[in-house]
*Asks:* 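Provided herewith is a single structure, encoded as structure tokens, for subsequent inquiry.
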Amino acid sequence: MPSENLLTWYSEHGRDLPWRRISDPYAVWVSEIMLQQTRVDTVHPYYKRFMARFPNAAALAEAPLEEVLLMWEGLGYYARARNLHRAARIIVERYDGQLPQSEQELNALPGIGRYTADALRAIAFDQNTLALEGNLRRVLTRLFDLHLDPRRPEVERELRRRGMSILPRGRASEFNQALMDLGALICTPRSPACHACPLAADCLALRNGTQEQLPFRQPKRPPPLRHAVAAVLHENDNFLITRRPEDGLLGGLWGFPGGFIEDGESNRLALIRVLKEQLGLKVDIINPLPPLGHAYTHFRVNLQPFACRGRLSGLRDRGDMRWVKAEDLDSVPMGRLDRMLARVVERTLHD
DNA sequence: CACGCGTGGTA
DNA sequence: TTACCAAGCGT
């Protein structure tokens, strides 16, 4: 039975991770959300800070969303933080602060999909489910030498069947995490360390010499480059920042007002247009600040910031607009690009 | 169901 | 440096 070798390997070589040290469903939940499309090394410091500040669902539910987003800043995919916060409030109101254990109830919570519900059931509640994610897809695809696109629904079902067929009943928690560690440490996307793999004797891809070319991949187009402008508006030591809509790119985060340049439009005209749209404000551009670049998943952006002046006295604080002092910019959740600009602002002001 | 959603690490 | 990736989810 291949799973015996796997579980033995896991007990000796499995990673010692903070969310594995305690058996608290809330801790497993937070870790699972943070780990979505995010590496363990990246999550580690975020997880520790988050758990120290929000040790349970009640603490998370009581906190304002903005503080949760601030703790999340830099992790990316901020819908995860918004959904985590929403779900915490539901858990407090509907489930007395404890995560539900059924597949249906878990899946109904915002931010918990098929994988996370299965992972919680297996890891936190010892139910015999397969938590099929990226590592398991790769490992199982190679183990069974399936030259198929694992994202196709019928292939997904086949992987689930195959995985369940080797899942040792009663040990789903270890089994799933063992496969994840195997995928992260041994059965890596490129150059897998098959010589050290506890499943080497059972691996059909290794037997056929196809492990390097699995799983099947689809070529992607390079992301386009987009141009953007932003305005640094200030009166004395107060800077104007705006809050992005709850949905979409960097939803709910704060930043400097601005937007994308349309085709054939100049930097300055774009900025004037965007500020009129967003703030109803006519501004004078004083001088350009150093341009900043950043790569998102679907596009790269080149941002040209400008220091601006305008009739700012009419702009009062409101839900999506706020004046903050330079030294308080750090207490406001921002995306990477706005954070870089905030650093420039702080540094410029310091000189 | 294909697409949008962030960021930092690695070859 | 560019390209590709890394414990998915919601719409």
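Here is the naming used below: chain letters follow the sequence lines, and residue numbers restart at 1 for every chain.
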*Asks:* In which stems does DNA chain C show up, taking only runs of three or more Watson-Crick or G-U wobble pairs whose two distances fall under 3.5 Å?
*Replies:*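 Result, WC/G-U stems under 3.5 Å: B:2-5 with C:8-11, B:7-11 with C:2-6.
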*Asks:* Between the side chains of A/Gln304 and A/Asn302, does any donor sit under 3.5 Å from an acceptor?
*Replies:*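 Checked: A/Gln304/A/Asn302 side chains show no N/O donor-acceptor pair below 3.5 Å.
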*Asks:* Roughly, in whole Å, what's the span from CD1 in A/Ile33 to C1' in C/dC9?
*Replies:*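 Computing the A/Ile33:CD1 to C/dC9:C1' distance gives 9 Å.
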*Asks:* Checking A/Tyr47 now: which residues fulfil ring-ring contact (aromatic ring centres under 6.0 Å, His included) with it, not counting sequence neighbours?
*Replies:*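 Counting only residues at least two positions away or on another chain, A/Tyr47 forms a ring-ring contact (aromatic ring centres under 6.0 Å, His included) with A/Trp19.
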*Asks:* Closest approach to the side chain of A/Gln36, judged atom by atom: which nucleotide of C/dG8, C/dC5, C/dA7 is it?
*Replies:*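 The answer is C/dG8, which lies nearest to the side chain.
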*Asks:* Give me the residues of residues 41-60 of chain A where at least one heavy atom lies under 4.0 Å from an atom of DNA chain C, by number, or none.
*Replies:*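 Here the set is empty: none.
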*Asks:* Scan the side chains in residues 294-301 of chain A for donor-acceptor partners under 3.5 Å anywhere in the protein, sequence neighbours excluded, and list what turns up.
*Replies:*
none

*Asks:* Within this structure, what is the CG-to-C1' distance between A/Leu84 and C/dA7, rounded to whole angstrom?
*Replies:*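 About 15 Å, once rounded to whole Å.
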*Asks:* Reading DNA chain B in the 5' to 3' direction, which nucleotide is the first one with an atom under 4.0 Å from a heavy atom of chain A, and which is the last?
*Replies:*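 Counting from the 5' end, contacts occupy B/dG4 to B/dG9.
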*Asks:* Where do A/Asn128 and A/Leu167 come nearest, in terms of heavy atoms and distance?
*Replies:*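 In this case the closest contact between A/Asn128 and A/Leu167 is OD1-CD2, 4.0 Å.
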*Asks:* If you measure from the C1' atom in B/dC1 to the same atom in C/dC9, how many Å do you get, rounded?
*Replies:*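 It comes out at 13 Å once rounded to the nearest Å.
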*Asks:* With heavy atoms under 4.0 Å as the rule, sort A/Ser31 into base, sugar-phosphate or nothing.
*Replies:*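 No contact.
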*Asks:* Does any donor atom in the side chain of A/Tyr115 or A/Glu32 lie under 3.5 Å from an acceptor atom in the other side chain?
*Replies:*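 Present: a donor and an acceptor within the cut-off.
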*Asks:* Any idea which heavy atoms bring A/His85 and A/Leu60 closest together, and the distance?
*Replies:*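 Between these two residues, the closest heavy atoms are CD2-O, 3.3 Å.
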*Asks:* Answer with base, sugar-phosphate or nothing: what part of the nucleic acid does A/Arg15 contact at a heavy-atom distance below 4.0 Å?
*Replies:*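 Answer is base: heavy atoms of A/Arg15 come under 4.0 Å of a base.
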*Asks:* Consider the side chain of A/Pro222, meaning its heavy atoms from C-beta on, and name the nucleotide among C/dC9, C/dA7, C/dA3 that approaches it most closely.
*Replies:*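 Looking only at heavy atoms from C-beta outward on A/Pro222, the closest nucleotide is C/dA3.
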*Asks:* Would you tell me whether A/Thr38 and A/Arg80 have side-chain atoms, one donor and one acceptor, within less than 3.5 Å of each other?
*Replies:*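 Present: a donor and an acceptor within the cut-off.
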*Asks:* Can you list everything that forms a salt bridge (charged side-chain N to carboxylate O under 4.0 Å, His left out) with A/Asp237? Sequence neighbours excluded, please.
*Replies:*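 Scan of A/Asp237 (salt bridge (charged side-chain N to carboxylate O under 4.0 Å, His left out), adjacent residues dropped) gives none.
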*Asks:* Only distances under 3.5 Å count here; give the side-chain donor-acceptor pairs of residues 252-264 of chain A to other protein atoms, sequence neighbours excluded, each with its distance to 0.1 Å.
*Replies:*
unit_1: A/Trp254; atom_1: NE1; unit_2: A/Glu66; atom_2: OE1; d: 3.2

*Asks:* Do the non-hydrogen side-chain atoms of A/Leu6 and A/Ile166 ever get within less than 4.5 Å of each other?
*Replies:*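 Not touching, per the 4.5 Å side-chain cut-off.
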*Asks:* What residues, two or more places apart in sequence or in another chain, satisfy ring-ring contact (aromatic ring centres under 6.0 Å, His included) together with A/Phe54?
*Replies:*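 For A/Phe54, the residues satisfying ring-ring contact (aromatic ring centres under 6.0 Å, His included) (neighbours in sequence not counted) are A/Phe50.
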*Asks:* Contact list please: residues 330-343 of chain A against DNA chain C, heavy atoms, distance less than 4.0 Å, in numerical order.
*Replies:*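 Here the set is empty: none.
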*Asks:* Classify the nucleic acid contact of A/Leu17 as base, sugar-phosphate or nothing, counting any heavy atom under 4.0 Å across all strands shown.
*Replies:*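 Base: the residue A/Leu17, judged by heavy atoms under 4.0 Å, touches a nucleobase.
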*Asks:* Can you sort out which residues in residues 71-80 of chain A have a heavy atom within less than 4.0 Å of DNA chain B? Ascending by number, please.
*Replies:*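 Per residue number, the list reads A/Gly74, A/Leu75, A/Gly76, A/Tyr77, A/Tyr78.
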*Asks:* Indicate yes or no: at least one non-hydrogen side-chain atom of A/Leu106 is less than 4.5 angstrom from one of A/Thr116.
*Replies:*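 Side-chain contact under 4.5 Å: no.
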*Asks:* Nearest-Å distance, CG (A/Leu130) to P (C/dG8)?
*Replies:*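 Taking CG of A/Leu130 and P of C/dG8, I get 13 Å after rounding.
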*Asks:* Would you please name every residue forming a side chain to side chain contact (heavy atoms under 4.5 Å, CB included) with A/Glu12, sequence neighbours left out?
*Replies:*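 Partners of A/Glu12 under the side chain to side chain contact (heavy atoms under 4.5 Å, CB included) test: A/Thr8.
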*Asks:* On a whole-Å scale, what distance lies between the P atoms belonging to C/dA7 and B/dG4?
*Replies:*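 Rounded to whole Å, the distance is 22 Å.
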*Asks:* Would you check, one step at a time, whether the test side-chain hydrogen bond (donor to acceptor under 3.5 Å, both in side chains) holds for A/His147 with A/Asp145?
*Replies:* CA-CA 6 Å; A/His147 297 245; A/Asp145 198 22; 2.8 Å; yes
*Asks:* Using heavy atoms and a sub-4.0 Å distance, could you list which residues of residues 102-115 of chain A are near DNA chain B? By number, please.
*Replies:*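 None - not one residue of the stretch has a heavy atom sitting under 4.0 Å from the strand.
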*Asks:* Mind checking A/Ala295 for me? I need base, sugar-phosphate or nothing, with any heavy atom below 4.0 Å counting as a touch.
*Replies:*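 The residue A/Ala295 makes base contact.
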